[in-house]
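One structure is given here, and the rest of the page talks about it.
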Amino acid sequence: MGFHASPRNGRTRREAPCRTRPAGRRLGTMYFYAVFLRGVNVGGVKILMKDLTALLEQAGFSRIRTLLASGNVVLASEEADPAAVKTACEAAINSAYGYGTRVIVQDTAQLEYLAENYPFVPPNDGIQRHEYLVLTESEEEAANILETAPEPSDEERVAQLAHGICWEVPRGQSLDSPLARHFVKVASKSLVTTRNMNTVNKMLTALKALA
């Protein structure tokens with residue numbers, strides 16, 4: 001499996017492997033998930049992680065752990081369908097807060113694939129960069145977001161990886177580049193959420209630890 005370059009702009013795309021087993025990582029009757037909340041503790045949307053843990057426990061989830069304060073959760077569930085986990089998480093949060101908060105749920109295989117196949121190695125050019133993963137709901141959605149995106153600057157790199165968008169940007173430009181502003185605009189219309197790759201890797205480690 002390799003990268004497939006777009007003839008329009010040279011950006012790369014990599015497809016996820018086909019699944020031949022149920023979603024989630026199973027141990028007995030339990031499945032383990034990473035849950036990424038969108039827009040938490042920014043723009044007036046404040047949710048304390050201890051309160052989030054309590055809400056998810058009341059919703060029937062177990063072995064809940066939160067990372068940082070930006071809405072990153074790993075948990076265990078008897079539910080094998082990630083879509084059902086998403087629905088239950090959103091219902092629990094919004095019943096308490098009413099923000100209309102939405103989440104993206106990843107099982108172990110999905111998150112591991114994104115973390116292990118992140119395509120960029122920072123060049124040795126003296127420029128410090130952030131490495132981000134923009135999570136979307138589907139490969140089609142990720143492709144559409146990139147199709148309408150402006151060209152990255154000379155110091156940026158961007159590539160589709162399954163339902164994620166990998167983005168490398170110089171420090172200090174995460175909010176200011178045309179590509180950064182495009183992702184902000186997209187987030188106002190679609191379910192996307194962006195995480196630093198350090199956070200993604202920590203989430204994967206925490207998710208594997210649940211087993």
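Just so it is clear, the values below take in all heavy atoms, side chains as well, and ignore hydrogens, waters and symmetry mates. All values reported here derive from a predicted model rather than from experimental measurement.
For R157, the side chain to side chain donor-acceptor pair (under 3.5 Å) partners at least two apart in sequence or on another chain are E168. In this structure, T53 has no side chain to side chain donor-acceptor pair (under 3.5 Å) partners at least two apart in sequence or on a different chain. Every salt bridge (charged side-chain N to carboxylate O under 4.0 Å, His left out) that E112 has, sequence neighbours left out, goes to K208. D125 is linked by a salt bridge (charged side-chain N to carboxylate O under 4.0 Å, His left out) to R129, counting only residues two or more places apart in sequence or in another chain.
The OH atom of Y31 sits 12.0 Å away from the OG1 atom of T108 when rounded to the nearest 0.5 Å. Expressed to the nearest 0.5 Å, how far CD of E57 lies from CG of L75 amounts to 10.5 Å. Note that the CG atom of L161 and the OH atom of Y118 stand 9.5 Å from one another [nearest 0.5 Å]. Atom CG of N201 sits about 10.5 Å away from atom CG of L114, to the nearest 0.5 Å. To the nearest 0.5 Å, atom CG of residue L204 and atom CD of residue Q106 are 11.0 Å apart. Separating the NZ atom in K185 from the CD1 atom in I145 is a distance of 12.5 Å, to the nearest 0.5 Å.
Taking each heavy atom of A142 and Q160 in turn, the nearest pair found is CB-NE2, 3.8 Å. The shortest heavy-atom contact between M30 and A76 is CE-CB, 3.7 Å. Across all non-hydrogen atoms, the minimal contact from V158 to P152 is CG1-CG, 4.0 Å. Taking each heavy atom of F120 and C166 in turn, the nearest pair found is CE1-O, 3.6 Å. Between A34 and L111, the shortest heavy-atom contact is CB-CD2, 3.9 Å. Nearest heavy atoms, M49 versus I47: CE-O, 3.1 Å.
Among L52, N72, T193, the single residue meeting the side-chain contact (heavy atoms from CB on, under 4.5 Å) criterion with L37 is L52. A side-chain contact (heavy atoms from CB on, under 4.5 Å) with I104 holds for exactly one of L191, T136, V192; it is L191. With P170 as the fixed residue, the side-chain contact (heavy atoms from CB on, under 4.5 Å) test singles out one of I127, D154, D176: I127.
Side chain to side chain, Y132 and S174 meet the donor-acceptor criterion of an N or O pair below 3.5 Å. With 3.5 Å as the limit, one finds a donor-acceptor pair spanning the side chains of E156 and S177. For the residue pair E141/S138, the side-chain donor-acceptor check at 3.5 Å is not satisfied.
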Taking distance alone, no hydrogens or angles, what donor-acceptor pairs closer than 3.5 Å link side-chain atoms of residues 85-95 to residues at least two apart or in another chain?
residue: K86; atom: NZ; partner: E90; partner atom: OE2; Å: 2.6
residue: K86; atom: NZ; partner: V103; partner atom: O; Å: 2.9
residue: T87; atom: OG1; partner: A83; partner atom: O; Å: 3.1
residue: E90; atom: OE2; partner: V103; partner atom: N; Å: 3.0
residue: N94; atom: OD1; partner: G100; partner atom: N; Å: 3.1
residue: N94; atom: OD1; partner: T101; partner atom: N; Å: 2.7
residue: N94; atom: ND2; partner: E90; partner atom: O; Å: 2.9
residue: N94; atom: ND2; partner: T101; partner atom: O; Å: 3.0
residue: S95; atom: OG; partner: A91; partner atom: O; Å: 3.2
residue: S95; atom: OG; partner: A92; partner atom: O; Å: 2.8

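Put simply, the side chain of R63 reaches to within 4.5 Å of the side chain of F32, judged on heavy atoms. Residues L135 and T194 fail the side-chain proximity criterion, which asks for heavy atoms closer than 4.5 Å. In this structure, the side chains of M203 and V74 come closer than 4.5 Å at one or more pairs of heavy atoms. Contact check for P122 versus E131: side-chain heavy atoms found under the 4.5 Å cut-off. Considering only heavy atoms from C-beta on, E137 stays 4.5 Å or farther from S190 through its side chain. Using a 4.5 Å cut-off on side-chain heavy atoms (C-beta onward), H130 and N196 make contact.
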Y97 vs D51, test: side chain to side chain contact (heavy atoms under 4.5 Å, CB included). Steps then yes/no. CA-CA 11 Å; Y97 291 97; D51 295 337; 3.4 Å; yes
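Environment of CD in E78: sparse, with no more than 12 heavy atoms of neighbouring residues, nucleotides or ligands closer than 6.0 Å.
For the pair R38 (side chain) and A187 (backbone), a donor-acceptor distance under 3.5 Å is present.
By the criterion of side-chain heavy atoms lying less than 4.5 angstrom apart, applied directly or through intervening Ile, Leu, Val, Met, Phe, Trp or Tyr residues, L68 is not grouped with V105; the two fall into different hydrophobic clusters. Transitive grouping of hydrophobic side chains (ILVMFWY, heavy atoms separated by less than 4.5 Å) brings F36 and L67 into a common cluster. Linking ILVMFWY residues whenever their side-chain heavy atoms come closer than 4.5 Å, directly or via other members, places L210 and Y113 in the same cluster.
Applying the ring pair (Phe, Tyr, Trp, His ring centres under 6.0 Å) definition to pairs two or more places apart or across chains, those involving residues 179-211 are W167-F183.
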